[in-house]
> 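First the structure, then my questions, so here it is.
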Number of protein chains: 2
Amino acid sequence: MSRRTGVPTLEDVARAAGVSRATASRVVNADERVQDATREAVLAAIRDLGYSPNLAARSLVTRRTDTIAVVVPESDERVFNDPFFAGTLRGVTKALALTELQMVLLIGSPGDGDGRLDRYIRGRHTDGAIIVSHHANDNLWRSVAEVSLPTVFLGRPFAEHPGLTFVDVDNVAAAALATRYLVDSGRKRIGTVAGPADMSAGADRLEGWRSVLTEHDLPADAVELGDFTVAGGGDAMTRLLAGHPDLDAVFVASDLMASGAMDAIRASGRAIPRDIAVVGMDNLELATRTLPPLTTVVNPVDEMATQAVAMLLAQLEGGPILEPVTMPTELVVRESA
Amino acid sequence: MSRRTGVPTLEDVARAAGVSRATASRVVNADERVQDATREAVLAAIRDLGYSPNLAARSLVTRRTDTIAVVVPESDERVFNDPFFAGTLRGVTKALALTELQMVLLIGSPGDGDGRLDRYIRGRHTDGAIIVSHHANDNLWRSVAEVSLPTVFLGRPFAEHPGLTFVDVDNVAAAALATRYLVDSGRKRIGTVAGPADMSAGADRLEGWRSVLTEHDLPADAVELGDFTVAGGGDAMTRLLAGHPDLDAVFVASDLMASGAMDAIRASGRAIPRDIAVVGMDNLELATRTLPPLTTVVNPVDEMATQAVAMLLAQLEGGPILEPVTMPTELVVRESA
DNA sequence: TTGAAAGCGCTAACAC
DNA sequence: GTGTTAGCGCTTTCAA
């Protein structure tokens, strides 16, 4: 055992097993061409010494870190309060648990003030990245492109760039699905609480809502933006009702915002769905617990995360950058609309 | 720039700046004794080349990884669904953001079936660890002790061991506080939905509840165990009511379980707090949204996480292992009791 | 099937 | 203040 730190090295293992370091390394890395007897000896030494490879040393020569970054350019508050992110992280964690890869979670404010995320990416400290919740003004896409870091976006990135791939739902279609349901149930004055304009999910869902209203010659002017939080949804709804007291329905671009919006609607003295029908999006567990339970569009975060990891792994194994994947959605009808 | 990978090394920087690798290294590591002009030249080269240190190479020589493990021996499901863990991770993330340390999140089932967590710890792949939600039968404490990995437990570990330190609330006192409040408000037949017996938070809160009842000569036989989930709390409450239909109050060892328990109580046709008073523990945001809002004991996860990180940092900087810290709690009275 | 040896990129001890 | 040099622990040719 190494005299200095007490942590056994491969050298120590080799000596204990009476073989060379190269052979010991082969055993550690499951190389075929090692005689069974030799392998046994080395494995025994590993057990006895409690050997564990020094990852830094390995990384230095293999030029792989065996980690992938999960980048979320949002505040810690949001990341750890919003069930959408919880679902995403759960999905990624689950998918990654089947591999040898370790997840490195990088959280940073949108816009990335001090450039921490950017520097980490440009430093190529991980083998690849999954970028969630991308905003128009953070240049993460540029960074990954410039250093050719294998990356999959979870949610379509705002920028178009050859080689940028992603997995997402068709947010335009999802919002259209929700809005069409409201139209079909006879609602005539349909507003929306949209997501941030600097995120594709925000912009696309707004467009889906608008397209259906236009298609039916209904007014598409009742729009307020929220920030994908409960409070933001409540505030937006309050403004919406103030500006358009005749609303009889609203499509809210996320369940979290819908929860806040429903509180605001009730606070205004209106009944759901009698006076105002509400449809959300995400289908969080929360949607079953609102009053009344929320009709919403499924956002299959778990499957999306699995898909994103699979696409990234394919790239890491040397495959080509796969085409973007769009997951199907569906409407879940409960009692709010 | 290195001809092979396209990633610039310190050697490249040194050459570009016309200095030795050692001097370039000094600039990168903010060593004082470098002439201003030299420093400028090196910094310029770093900028031009887009240099970023190879962490593996640095780690190999410094014998530090600049990462700390946050170990949660629970399923991904629980970690990413339970707001208690979200709060903990948020606190740790926030505290770590002020340092140079990167968090490595290690999630694994209790009991640690395949030993992944254990191996990671024993491999000393991080400079230190914060262990959350420790169970009696996982031997994480033994592993950190055997490899002398600087560690702080978040929540008192089940095992006593010299050198094991932790931050926690006084769970006995917290449960006693809740139970005493119920006694003082005239309740006579007080049950409890306790946490898992293999966790100190479970055992201690049960003991606190029992001590107060015994002290007041009240029966302390109405106990059911839950698993700190909503469903588990509901099931336990249902059993409790079946076995003890005369209950007029219950202390539930977590807000999440309390939420489930309240559903079960309502389902049995009883009113809260008229027929049965309920006190929870944690003071999650959820507690403000139950019907009726939940009276509960504060579990200051954010402050605990901050404290744990501070204690770990002190150890990493070479200080002694600090004494365990117990944070204060308080009762938040809402409408459920 | 095994071993010898080179070298990954960096820091730190030492010399100047 | 700066440069030279050794060496961290590992994988991977290359040769035997």
Side-chain angles (χ1 to χ4, degrees), chain A residues 1-43 45-46 49-67 100 122-125 127, chain B residues 1-43 45-46 49-67 100 122-125 127:
Chain A
M1 182 169 294
S2 166
R3 299 125 308 266
R4 297 152 52 131
T5 64
V7 176
T9 69
L10 194 57
E11 180 74 49
D12 300 321
V13 170
R15 194 173 322 125
V19 301
S20 73
R21 209 166 60 223
T23 299
S25 174
R26 292 190 185 100
V27 173
V28 170
N29 293 290
D31 191 317
E32 302 286 276
R33 15 168 240 223
V34 174
Q35 216 135 48
D36 285 354
T38 316
R39 184 193 318 282
E40 289 311 319
V42 173
L43 289 175
I46 289 175
L49 270 49
Y51 170 76
S52 177
N54 180 319
L55 265 26
R58 170 180 288 168
S59 189
L60 189 54
V61 29
T62 60
R63 302 175 163 287
R64 286 182 294 102
T65 63
D66 296 315
T67 62
E100 294 290 274
R122 287 178 178 276
R124 289 194 125 279
H125 298 318
D127 295 343
Chain B
M1 184 171 292
S2 164
R3 297 127 308 265
R4 295 144 60 123
T5 65
V7 176
T9 71
L10 194 56
E11 180 75 48
D12 299 322
V13 170
R15 192 170 328 123
V19 300
S20 75
R21 208 169 60 226
T23 298
S25 174
R26 290 188 186 103
V27 173
V28 169
N29 294 291
D31 191 317
E32 301 286 277
R33 15 169 241 226
V34 175
Q35 215 136 46
D36 284 353
T38 315
R39 184 191 319 282
E40 290 310 320
V42 173
L43 289 176
I46 289 176
L49 270 50
Y51 170 76
S52 176
N54 180 319
L55 264 26
R58 171 181 288 168
S59 187
L60 189 54
V61 28
T62 61
R63 302 173 163 289
R64 287 182 294 101
T65 63
D66 296 314
T67 62
E100 294 290 274
R122 287 178 179 275
R124 289 193 125 279
H125 298 317
D127 296 342

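Quick note on labels: first sequence line is chain A, next is B, and so on, each numbered from 1. In what follows, every heavy atom counts, from backbone to side chain, and hydrogens, waters and symmetry copies are set aside.
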> Could you check how far CG of L55(A) sits from P of dC8(C), rounded to whole Å?
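Interatomic distance, CG of L55(A) to P of dC8(C): 20 Å.
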> If you round to the nearest 0.5 Å, how far is OG1 of T23(A) from CG of L10(A)?
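The CG atom of L10(A) sits 9.5 Å away from the OG1 atom of T23(A).
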> How close or far is atom P of dG9(D) from atom CZ of R15(A), stated in whole angstroms?
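After rounding, the gap between these two atoms is 12 Å.
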> I need the T67(B) OG1 to E100(B) CD distance, nearest 0.5 Å.
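Rounded to the nearest 0.5 Å, the OG1-CD separation comes to 13.0 Å.
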> Over how many whole Å does the gap from L60(B) atom CG to dC10(C) atom P extend?
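One finds 12 Å between P of dC10(C) and CG of L60(B), rounded.
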> For L10(B) and dT4(D), give me the distance from atom CG to atom C1', rounded to whole Å.
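Rounded to whole Å, this separation is 14 Å.
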> Has R26(A) got a side-chain atom pairing as donor or acceptor with D31(A)'s backbone, closer than 3.5 angstrom?
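A pair under 3.5 Å: no.
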> Starting at CG of N54(B) and ending at P of dC10(D), how long is that distance when rounded to a whole Å?
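N54(B) atom CG is separated from dC10(D) atom P by 16 Å.
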> Specify the closest pair of heavy atoms between A45(A) and V13(A), including all atoms of both residues, with the distance to one decimal.
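Distance-wise, the nearest heavy atoms are CB-O, 3.8 Å.
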> Is there a donor and acceptor pair closer than 3.5 Å between the side chain of R63(B) and the base of dG9(D)?
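Counting by modelled atom types and ignoring angles, no donor-acceptor contact under 3.5 Å is found here.
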> Less than 4.5 Å apart, any side-chain heavy atom of N54(B) and any of L60(A)?
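N54(B) reaches L60(A) side chain to side chain.
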> For the helix from dT1(C)-dA16(D) to dC16(C)-dG1(D), measure the angle between the helix axis at one end and the axis at the other, each built from five pairs, rounding to 10°.
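Taking the rotation axis at each end, their angle is 30°.
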> Nearest 0.5 Å, please: how far is OG in S20(B) from CD in E11(B)?
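Taking CD in E11(B) and OG in S20(B), the distance rounds to 9.5 Å.
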> So if I take every side-chain heavy atom of P53(B) and compare against dG3(D), dC10(C), dT11(D), which nucleotide ends up nearest?
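So the side chain of P53(B) is nearest to dC10(C).
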> Write down the atom of H125(B), the atom of P53(A), and the distance for their closest heavy-atom approach.
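Result for this residue pair: CE1-O, 3.2 Å.
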> Looking at residues 27-42 of chain A, who's got a heavy atom less than 4.0 Å off DNA chain D?
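Here the set is N29(A).
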> Would you kindly give the CG-to-P distance between L49(A) and dG9(D), to the nearest whole Å?
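Going from L49(A) (CG) to dG9(D) (P), I get 14 Å.
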> I'd like to know whether D66(A) forms a side chain to side chain contact (heavy atoms under 4.5 Å, CB included) with L55(A), so could you lay out the CA-CA distance, the side-chain angles of the two residues, the decisive distance to 0.1 Å, and finally the verdict.
CA-CA 9 Å; D66(A) 296 315; L55(A) 265 26; over 6 Å; no
> Which sits closer to the 5' end of DNA chain D, V19(B) or V61(B), going by the nucleotide each is nearest to?
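Closest to the 5' end, via its nearest nucleotide, is V19(B).
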> Using only side-chain N and O atoms of S20(B), determine if any of them is under 4.0 Å from OP1 or OP2 of dG3(D).
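Answer is yes, contact under 4.0 Å.
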> Check the distance between dT4(D)'s P and R26(B)'s CZ and give it to me in whole angstrom.
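Going from CZ in R26(B) over to P in dT4(D) covers 11 Å.
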> Closest nucleotide of DNA chain C for A56(B) versus for A22(B): which of these residues is on the 5' side?
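Nearest-nucleotide comparison on DNA chain C picks A56(B).
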> To the nearest Å, how far apart are R64(A) CZ and dC8(C) P?
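It works out to 18 Å between those atoms.
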> Does dC10(C) have its OP1 or OP2 closer than 4.0 Å to a side-chain nitrogen or oxygen of S25(B)?
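Looking at the OP1 and OP2 atoms of dC10(C), neither is under 4.0 Å from any side-chain N or O of S25(B).
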> Do you know the tightest heavy-atom contact between D127(A) and T65(A)?
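Closest heavy-atom pair between D127(A) and T65(A): OD1-N, 2.7 Å.
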> Between T62(B) and dT11(C), is there a contact of a side-chain N or O with OP1 or OP2 at under 4.0 Å?
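Checking T62(B) against dT11(C): no side-chain N or O falls below 4.0 Å of OP1 or OP2.
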> Between dG9(D), dT2(C), dA6(D), spot the one nearest the side chain of R21(B), thanks.
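Among dG9(D), dT2(C), dA6(D), the one nearest the side chain of R21(B) is dA6(D).
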> Where is the tightest heavy-atom contact between V34(B) and R39(B), given as atom of each residue plus distance?
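Looking at all heavy atoms of both residues, the closest pair is O-NH2, 3.1 Å.
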